[in-house]
Asker: 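The structure that follows is given in the form of structure tokens.
Throughout, protein chains are lettered first and strands after them, A, B, ... in sequence-line order, and every chain is numbered starting at 1.
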Number of protein chains: 2
Amino acid sequence: MNILIAEDDEHIAESLRKNFAEDGNHVMIAKDGKEAIRISDKILFDIILLDWRMPEITGIEVCRHIRENGSKVPIILLTALSQIKNKIEALNLGADDYVTKPFSFEELNARMKAVIRRYQSNTDELVFYEITVDLINRKVCTPHGKINLTVKEFDLLKYFILHKGSIMSKEEICRDVWNLEFVPTTNLIEATVKNLRKKLEENTGKNLIKSIYGEGYLLIAE
Amino acid sequence: MNILIAEDDEHIAESLRKNFAEDGNHVMIAKDGKEAIRISDKILFDIILLDWRMPEITGIEVCRHIRENGSKVPIILLTALSQIKNKIEALNLGADDYVTKPFSFEELNARMKAVIRRYQSNTDELVFYEITVDLINRKVCTPHGKINLTVKEFDLLKYFILHKGSIMSKEEICRDVWNLEFVPTTNLIEATVKNLRKKLEENTGKNLIKSIYGEGYLLIAE
DNA sequence: AACAATAATGAAATTACTTTCATTTTTAAT
DNA sequence: ATTAAAAATGAAAGTAATTTCATTATTGTT
């Protein structure tokens, strides 16, 4: 995981870094808010830990900046007990959670996990069998590796998954995937289904797309 | 807007249909839960109104079915006063809101608007100037119409918007958009920027992508 | 089993996208 | 103003995706 720590206290920063790096994470440290903004603008992190009190630009301001840039990256605020009263307040500031100093690694780890899990369940993914479809980045993954799909193959797979368990006629597929009013006289759909099937089968060993003679195609429900 | 109404009471269904159709909406009516599932599986609506009490399959079951299929389409439950106690309960069932019968069109309209607005702010869109970037469907819209971008142009625009206001060097663009470790000796980036600029300018009349001599490119912040 | 309709296939043709090349224009510094 | 580096441009080359074609295989029906 890519972790950004914005913390001006070198001792705390270093002990956090060590802790996370031991688990195989890639950690970057920003010594102040300015640096945190500069780095977070350019690198996508899995989670960002922001010290509230930092010279010049505070963690809150960094948080606001990140959110204004459209990023939904998980952010946890590190605060002294007096600075924040409850989670609602942290949420209003755009953070996902907060941890009061002094804190234990156990507590911080637990909160980080929760925030990341919540974030991931909010990302636009479809999961089907062992296949994970990332709708934003258009990546399709299985435990055996990444499947490279073309644009049309991806759109078709997405359509099948959203309609898994029901037979989709070629008319519907044409309308919804190709934006065509009429089914072409050629075998456009069949050819695309063939290529999609091949790639899925190479990775899963299964033929998940059934042909229903005279009716259409069906992605078998789990 | 595409509206699906699932309501077994023909009178209510028809008066709703009439009401929405007058505002230029496209309305479909499902006479029972089974039909609602069949239709909602195949057509993407902007909002779905579900009567709770319907023969065989209830609105709740339709709602659960829709959510299990991964759809986040806005759903409002139409219920008799006794069936549901509060919004939390409706939310737990997967609905976005509920309206108790008998209801006024004013109330229903207001709740529909709120739910749709909430939904839209949750969709993965970037908004920049008058440009709306739909990250899921990879569509780019302006008030003057749709902009057709190629994959690379889209990825580059998305990257610029996420980093608007800061200068992005060619090294960074290469790394993050092209996944290249080194800047190619050719003018790959310049050529792509050129094409993206052209398309944006045709639609907005502005050149939003500035060149910073010797440093990189900058999408000017709003 | 024979038939006609439907679906699958491999490869070719077409189209669109991506990258490169050669040249011109712009920029910042002298 | 001159210059050298950087950036922009138009068009060509290269690559990949999409669609079509011709053929073979499969399916349901008689």
Asker: When you measure from the side chain of S211(A), which nucleotide among dT18(C), dA8(C), dT19(D) comes out closest?
Answerer: dA8(C)
Asker: What distance do K139(A) atom NZ and I147(A) atom CD1 have between them, rounded to the nearest 0.5 Å?
Answerer: 13.5 Å
Asker: Quick check: do L78(A) and L50(A) have side-chain heavy atoms less than 4.5 Å from each other?
Answerer: no
Asker: Round to a whole Å and report the spacing from CG of N195(A) to P of dG10(C).
Answerer: 10 Å
Asker: Kindly say if Y217(B) contacts the phosphate of dA6(D), meaning a side-chain N or O under 4.0 Å from OP1 or OP2.
Answerer: no
Asker: Classify V193(B) by what it touches in the nucleic acid, base, sugar-phosphate, or nothing, heavy-atom distance under 4.0 Å.
Answerer: nothing
Asker: Checking contacts here: which listed nucleotide (dT18(D), dC17(C), dA7(D)) is nearest the side-chain heavy atoms of T150(A)?
Answerer: dT18(D)
Asker: Under 3.5 Å, is there an N or O donor on one side and an acceptor on the other linking the side chain of N187(B) and the base of dT9(D)?
Answerer: yes
Asker: Taking any heavy-atom pair under 4.0 Å as a contact, classify I212(B): base, sugar-phosphate, or nothing.
Answerer: sugar-phosphate
Asker: Which nucleotide wins on minimum distance to the side chain of Y213(B), given the candidates dT18(D), dG28(D), dA5(D)?
Answerer: dA5(D)
Asker: Got more than 12 heavy atoms from elsewhere within 6.0 Å of NZ, K34(A)?
Answerer: no
Asker: If only side-chain N and O atoms count, and only distance matters, is there a donor-acceptor pair under 3.5 Å linking S211(B) with R197(B)?
Answerer: yes
Asker: What is the separation between atom CG on L218(A) and atom P on dA7(C), rounded to the nearest whole Å?
Answerer: 13 Å
Asker: At 4.0 Å (heavy atoms only), tell me whether F154(B) reaches a base, stays on the sugar-phosphate, or touches nothing.
Answerer: nothing
Asker: Reckon K152(B) touches a base, only the sugar-phosphate, or nothing at all at heavy-atom distances under 4.0 Å?
Answerer: sugar-phosphate
Asker: Side chain of E190(A): nearest nucleotide among dT20(D), dA8(D), dA8(C)?
Answerer: dA8(C)
Asker: Starting from P on dA7(C), measure out to CG on N207(A) and report it in whole angstrom.
Answerer: 15 Å
Asker: Expressed as a whole number of angstroms, how long is the span from R197(B):CZ to dT26(C):P?
Answerer: 13 Å
Asker: Expressed in angstrom and rounded to an integer, what is the separation of I189(A) atom CD1 from dT6(C) atom C1'?
Answerer: 13 Å
Asker: Does dT18(C) have its OP1 or OP2 closer than 4.0 Å to a side-chain nitrogen or oxygen of W178(B)?
Answerer: no
Asker: In whole angstroms, how far is the C1' atom of dA22(C) from the NZ atom of K194(B)?
Answerer: 13 Å
Asker: Give the rounded distance in Å between these two atoms: CG of N179(A) and P of dT18(D).
Answerer: 14 Å
Asker: Counting any heavy atom closer than 4.0 Å, what does K170(B) reach on the DNA or RNA strands: base, sugar-phosphate only, or nothing?
Answerer: sugar-phosphate
Asker: Working to the nearest 0.5 Å, report the span between CG of D96(B) and CD1 of I47(B).
Answerer: 7.5 Å
Asker: Could you state the CG-P distance from L156(B) to dT19(C), rounded to the nearest angstrom?
Answerer: 12 Å
